[in-house]
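Some notes on the structure that comes next.
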Number of protein chains: 2
Amino acid sequence: MTADPTPHVEVSGNVTGRPRETAGGIQSLDAALWVLTTMARLDGAVGLSDLARACGMPASKTHRYLASFINAGLVRQNGRSGTYDLGPGAIEIGLAAINRHDFVNSVADRFSELTEETGLTGLLCVWGNSGPTVVRWIRAANFIVTSLGLGSTLPLLSSATGRVFFAWLPETITEKLMHEELKRARASGRVIGEAGSGVKGARALAARVREAGYATVDGRFIPGLVAASAPILDWQDEAQAVVTLIGTNPKDIEPGSPAIAALTRFCAEHSVPDRG
Amino acid sequence: MTADPTPHVEVSGNVTGRPRETAGGIQSLDAALWVLTTMARLDGAVGLSDLARACGMPASKTHRYLASFINAGLVRQNGRSGTYDLGPGAIEIGLAAINRHDFVNSVADRFSELTEETGLTGLLCVWGNSGPTVVRWIRAANFIVTSLGLGSTLPLLSSATGRVFFAWLPETITEKLMHEELKRARASGRVIGEAGSGVKGARALAARVREAGYATVDGRFIPGLVAASAPILDWQDEAQAVVTLIGTNPKDIEPGSPAIAALTRFCAEHSVPDRG
DNA sequence: GTCAACGATTCCAGATTATGCAATGAGTTT
DNA sequence: AAACTCATTGCATAATCTGGAATCGTTGAC
């Protein structure tokens, strides 16, 4: 296929440019995948003529590609001569891709960029058998002494990390630890920071964290240290991992601060996009 | 490309046969999509040589297809000359396909209410290229994770989910998988639960499931776990999705139990009313 | 009921790419 | 250092892909 001279016309307003042809690849496959990708970015079923225009291709060429996609199950057609849409094969490939996406390692690979950008110490946690569990540390220039090491678990309600897991995991997973921590708090006469009293207070805190998109704790959890955490979200809007930044300056965890902005952007970039 | 004389060799034991070339399609695209589909059915990242063998193709040919898939984002490579795996573009296409599935989306929005009410683990499945495919699940407390994961396919005749699809989908859709499972059952000398022997037994089971309005399996399919499934029906009385509850207490799947009542009510609420 | 318009689908001659084997490059093991 | 394995690329040849035109099917206007 010669380079396509037709100006790229978008139907739905998506901005993503057409990829150039692959070095060492197959040109007709490149063109075909452009059709598939364009279809995925449209809002729903589309007619052949509209899709061909959106792709900047003759309809006969687009039709041949669609025939192969239909045969493979990636596309289906609503009746003979009807509109085209993504099919069960697309669901299957997508689910396979999501299922084998390694959330933790994809974050860990670029984790140091975040700590370099913000100058804060970074912590990466997953949900383990005993609750929030540290799997990565990156100490920034600000030297912080703490007992937290790899494998440490953090409290659910009084740490920023724990609060993010509490907000973004189903309560069936977190409720046991929640009740244990509330019980210990009652026994010791302590109130767990903003969690206030009892289950209702904990749930209200979780609602505030979800609304904000992240959690913070000030210097009272670990004297002298402040922390902010945000979730890495999967296809079901559940936290697969939590990233936390730790520092000493309370301004770093104020809403709108550069560190908060960097943290939430970094976590959004590593989450599954456009979750239902 | 001439018809491929190389015997079809499977790496992971998946059964679905290689599709024949598309009438009115593009042969190189058919071959390329075979590579992609095969990769999706493998358990994880794969080397070029292994993937080429699994597809019955020369490595140089497979390599060119992969180059185009990488360029489109559907595949990524772990380092130069490293293994290949599905990429973010595949996630994007899969999510686009799922997000257009109106029945799945309406159920998913209220799915957690059902699992909270019953205290059981919930699965939501659609019919994919390889059969019943998990698109959502919510774990109950203390649920021991089995091999079920996003994208998993379930058997047609020996799982509750599969039996519901078998009962409420046209046989033109399910017959291939039915014959494959009956063949494997004969080869291994096993009888598939209540399916009894052969096609007649399978159809008799389907009739019983339709009459009851739901399917169950006791602890023999997955030792120690019981399950009940019901269909989300469209305007043609076909199962667009299936909801399954999984637990450990056999009383939960007895006729008339609160869980069965909640499941069938929930599915009826999400089905098209007054079908037929 | 007829006819025009529109969109999907198929045909076909010519243009162009895809292909498989061999060669090459890179990394690992002995 | 040599051998081996796997990924990547070159190249002559085989084979397909292509775009416009023709055809088919459906729908709506009259």
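Because only heavy atoms are used, hydrogens play no part in the values below, and waters and symmetry mates are left out as well, while side chains stay in. Throughout, protein chains are lettered first and strands after them, A, B, ... in sequence-line order, and every chain is numbered starting at 1.
Look at CG on A:L51: it is 15 Å from C1' on C:dT9, rounded to the nearest Å. In this structure, B:L48 atom CG and C:dA26 atom C1' are separated by 14 Å, rounded to whole Å. Atom CG in B:L66 sits roughly 10 Å away from atom P in D:dA7 (whole-Å rounding). One can place CH2 of B:W34 at 22 Å from P of C:dA18, the figure rounded to the nearest angstrom. Rounded to an integer number of Å, the gap from A:Q27 CD to D:dT16 P is 18 Å. Counting to the nearest Å, the P atom of C:dC6 and the CG atom of A:D50 are 14 Å from each other. Rounded to whole Å, the distance from CG on A:D30 to P on D:dC17 is 14 Å. Note: NZ (A:K61) to C1' (C:dA15) measures 13 Å, nearest angstrom.
Considering only side-chain N and O atoms, A:Y84 lies nowhere under 4.0 angstrom from the phosphate OP1 or OP2 of C:dG7. In this structure, B:Y65 does not reach the D:dT8 phosphate: none of its side-chain N or O atoms is under 4.0 Å from OP1 or OP2. Taking 4.0 angstrom as the limit, B:H63 places a side-chain polar atom (N or O) nearer than this to OP1 or OP2 of D:dT8. Checking the phosphate oxygens (OP1, OP2) of C:dA8, a side-chain nitrogen or oxygen of A:S49 falls inside 4.0 Å.
Residues A:I26 and A:Q77 each lie close to DNA chain C; by heavy-atom proximity, the contact nearer the 5' end of the strand is made by A:Q77. Place A:P58 and B:T83 on DNA chain D by their nearest nucleotides, and B:T83 ends up nearer the 5' end. Of the two residues near DNA chain C, A:L29 and B:G24, the one whose nearest nucleotide lies more 5' is B:G24.
Salt-bridge formation is not detected for the pair B:E180/B:K183: no Lys NZ or Arg NE/NH1/NH2 atom is positioned less than 4.0 Å from an Asp or Glu carboxylate oxygen.
At a cut-off of 3.5 Å, with distance as the only test, a side-chain donor of B:S130 or A:E92 sits close to an acceptor on the other residue. Side-chain atoms of B:Q240 and B:D234 form a donor-acceptor pair, as typed in the model, at a separation below 3.5 Å.
If you look at A:H101 and A:F103, their ring centroids are closer than 6.0 Å.
Within the 4.0 angstrom heavy-atom criterion, only backbone atoms of the sugar-phosphate kind lie near B:G47; the bases stay farther away.
In terms of polar N and O atoms assigned as donor or acceptor, the side chain of B:R64 comes within less than 3.5 Å of the base of D:dG10 in a complementary pairing.
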*With side-chain contact (heavy atoms from CB on, under 4.5 Å) as the test, would you mind laying out the steps for B:D237 and B:W168 before giving the verdict?*
CA-CA 7 Å; B:D237 207 44; B:W168 272 283; 4.2 Å; yes
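Minimum atom distance to the side chain of A:S60 is reached by D:dG19, of the listed D:dT18, D:dG19, D:dA7.
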